[in-house]
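As structure tokens, the structure follows; a few thoughts come after it.
Both backbone and side-chain heavy atoms feed into the values below; hydrogens, waters and symmetry mates do not.
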Amino acid sequence: MNNPENLPLDVQEQIEWLLEHKQLASASWTILAQQTGIAAGTLSVFAGGKYQGDNERVAREVFRYRQHLQTQAELNVEAPDIPPFYLAPTAKKLQSMFAWGQRGRIVICALGPGCSKTTTAENYRDCMSNVWLITGKPSCAGLNNMQIEVLAALGERDARGTGQALSRRIRDRIANSNGLLIFDEAQHFHERAIEEIRSWHDATGIGVALIGNYNVLARIEGGNRSAAFAQLYSRVSMKLVQNLPTTSDARTLAEAWAVEDQKQTDFIVRMSQRPGGLRTLTMMMELATMVATSERRPRELSHLQEAWAQLASRPTAG
């Protein structure tokens, strides 16, 4: 990589590359503006050779964008394909929970980081009809923002209206659907938001799955349950609690990555019990495989160990 500030750039060469790239990518000036950080109006005029401002400055930004694309292309050549969704034992349990929930039940799944709860929820949504996945986050913890997120999952963007009107639209949409609302990272939702979800279940019979970390279960089973979540708790028909991936989960991951060496498999199983679970293991396998490929060597235990050493100090999220 080269710092364009230190290079004598040919402005016309950058213009010609930009025009060719635009055509090959079938991209609008608006899209290219988002990718390059250069205003669309500036880009189009620059490409037409009629820009009255600092052409060398724009050429330098175009050159930076070219270098970015080249670097990403090189990474794509070296980076291995991550295996598609595979049904590990914990994922099977989750799918059974979702199937039970879709019978018009409320289920709760409290799992530690790296147990594949999100990827399993995404896979279930993609495979079944009338399954909607809503991801909790601090910005949608309250009732109104949660309703807007649900309507977005139902296909209604930029929803507006009172809380009562939004809930009515949601109930009308999910009634008689035999569907399932999956709330991932449900620990972020406030009490009123969770109670509103419970009211939709009561009114329509919609299935509800609340999945997240231990805080999901702790809030509902905690000391304030009678005051805050008594009605919800009495409707929970099944729950799954698991802190770490199982050793069988780790072995399934090893099989998905075509690991045949027993020492590598044993290492994967041991590391699965560390913070980060399958999520960190996937990053470890991706990095180890990429390094082995770049060295033109078969993947070895040392590659896994070196990759883990790089990743082990990273903080993990729930």
Give a yes or no on whether I38 and L69 share a hydrophobic cluster (residues Ile, Leu, Val, Met, Phe, Trp, Tyr; joining criterion: side-chain heavy atoms under 4.5 Å apart).
yes
Single-linkage hydrophobic cluster V259~V269, side-chain heavy atoms < 4.5 angstrom
no
Option among T247, T252, T246 that satisfies the side chain to side chain donor-acceptor pair (under 3.5 Å) test with D249:
T246
Should we say atom CD of E260 is surrounded by more than 12 heavy atoms from elsewhere, each under 6.0 Å from it?
no
side-chain contact (heavy atoms from CB on, under 4.5 Å), that's the test. Do T282 and I82 meet it? Break it down for me.
CA-CA 8 Å; T282 297; I82 296 177; 4.0 Å; yes
I148 side chain reached by E156 side chain, heavy atoms, under 4.5 Å
no
Does a side chain donor of either Q14 or D10 reach within less than 3.5 Å of an acceptor in the other side chain?
no
With a 6.0 Å cut-off (strictly less than), is the heavy-atom count around CG of N176, excluding the residue itself, greater than 12?
no
Expected output: side-chain S44 to main-chain G41 donor-acceptor under 3.5 Å
yes
Hey, what do you get for CH2 (W200) to CG (L181), rounding to the nearest 0.5 Å?
7.0 Å
Where A152 and R157 come nearest, the two heavy atoms and their spacing
CB-NH1, 3.7 Å
For E286, does its backbone N or O pair with a side-chain atom of T289 as donor and acceptor, under 3.5 Å?
no
Do S199 and D202 meet the criterion of a side-chain donor-acceptor pair at a distance under 3.5 Å?
no
Any donor-acceptor pair under 3.5 Å linking the side-chain atoms of D184 with those of T118?
yes
Stepwise side-chain contact (heavy atoms from CB on, under 4.5 Å) check, R297 with H303:
CA-CA 10 Å; R297 296 167 52 196; H303 292 121; 3.8 Å; yes
Quick one: pull up CE in M285 and CZ in R299 and give me the separation to the nearest 0.5 Å.
3.5 Å
Step-by-step side-chain contact (heavy atoms from CB on, under 4.5 Å) determination, I194 to E191
CA-CA 5 Å; I194 292 178; E191 175 189 328; 6.0 Å; no
T120 side chain to K117 main-chain N or O, any donor-acceptor pair under 3.5 Å?
no
Polar side-chain atom of Q52 near backbone of K50 as donor-acceptor pair, under 3.5 Å:
yes
Contact between T36 and L43 at the side-chain level, heavy atoms closer than 4.5 Å - yes or no?
yes
Common cluster, V45/V11, ILVMFWY with side-chain heavy-atom separation under 4.5 Å
yes
List the residues meeting side chain to side chain contact (heavy atoms under 4.5 Å, CB included) with D261, not counting sequence neighbours, and say none if there are none.
K263, Q264
Under 30°, 30 to 60°, or over 60°: which ring-plane class applies to F98 and Y124, parallel, tilted or perpendicular?
tilted
Hey, is the main chain of A165 close enough, under 3.5 Å, to the side chain of T162 for a donor-acceptor pair?
yes
Taking atom CH2 of W100 and atom CG of L180, what is their separation to the nearest 0.5 Å?
13.5 Å
Is there side-chain contact between F63 and W17, with heavy atoms separated by less than 4.5 Å?
no
Within the structure provided, determine whether W257 and I268 are in side-chain contact (heavy-atom separation under 4.5 Å).
no
Rounded to the nearest 0.5 Å, what separation is found between the CD1 atom of I206 and the CZ atom of R171?
13.0 Å
Can you name the closest pair of heavy atoms from P245 and C115 and give their distance?
N-SG, 3.6 Å
Should the heavy atoms of other residues, nucleotides or ligands under 6.0 Å from CD of Q23 be counted, would the total exceed 12?
no
Regarding Y86 and E255, is there a side-chain donor-to-acceptor distance under 3.5 Å anywhere?
no
Does some side-chain heavy atom of R105 sit less than 4.5 Å from a side-chain heavy atom of R235?
no
To check you understand the geometry: which heavy-atom pair defines the closest contact between W132 and S177, and what is its length?
CH2-OG, 3.8 Å
Ion pair check, R192 and E195, cut-off under 4.0 Å
no
Determine, stepwise, if the pair I15 / E13 fulfils side-chain contact (heavy atoms from CB on, under 4.5 Å).
CA-CA 5 Å; I15 289 175; E13 180 188 350; over 6 Å; no
Apart from F85 itself, which Ile, Leu, Val, Met, Phe, Trp or Tyr residues share its cluster (side-chain heavy atoms under 4.5 Å, direct or through members)?
L87
Would you say L143 and V150 are hydrophobically clustered, going by side-chain heavy atoms of ILVMFWY under 4.5 Å?
yes
Within one Ile-Leu-Val-Met-Phe-Trp-Tyr cluster: L240 and M238, side-chain cutoff 4.5 Å
yes
If only atom types and distance count, is the side chain of Q242 paired as donor or acceptor with the main-chain N or O of L244 below 3.5 Å?
yes
The reported gap from CG in L210 to CD1 in I134 (rounded to nearest 0.5 angstrom) is 10.0 Å
Can you name the nearest heavy-atom pair linking F46 to Y51, along with the distance?
CA-CB, 3.7 Å
Just wondering, are more than 12 heavy atoms of other shown residues or ligands nearer than 6.0 Å to CD in E56?
no
Just wondering, do S167 and Q147 contact through their side chains at under 4.5 Å, heavy atoms?
yes
I'd like to check V241 versus I108 (side-chain heavy atoms, cut-off strictly below 4.5 Å). Are they in contact?
no
Does Q95 form a side chain to side chain donor-acceptor pair (under 3.5 Å) with N123? I'd like the steps, not just the answer.
CA-CA 9 Å; Q95 285 199 346; N123 179 262; 3.1 Å; yes
Minimum heavy-atom separation for G161 and N144, please, with both atom names.
O-ND2, 4.0 Å
Enter the distance from I197:CD1 to I106:CD1 here, rounded to the nearest 0.5 Å.
9.0 Å
Check the pair Q35 / H68 against side chain to side chain donor-acceptor pair (under 3.5 Å), numbers first and verdict last.
CA-CA 10 Å; Q35 296 174 349; H68 167 71; over 6 Å; no
Is a side-chain donor-acceptor pair under 3.5 Å present for E185 with Q187?
yes
Kindly give the heavy-atom pair with the smallest separation between R169 and A159, and that separation in Å.
NH2-CB, 3.7 Å
Taking side chain as C-beta onward, heavy atoms only, is L154 less than 4.5 Å from I174?
yes
If the threshold is 4.0 Å, N to carboxylate O, is there a salt bridge linking R64 and E61?
yes
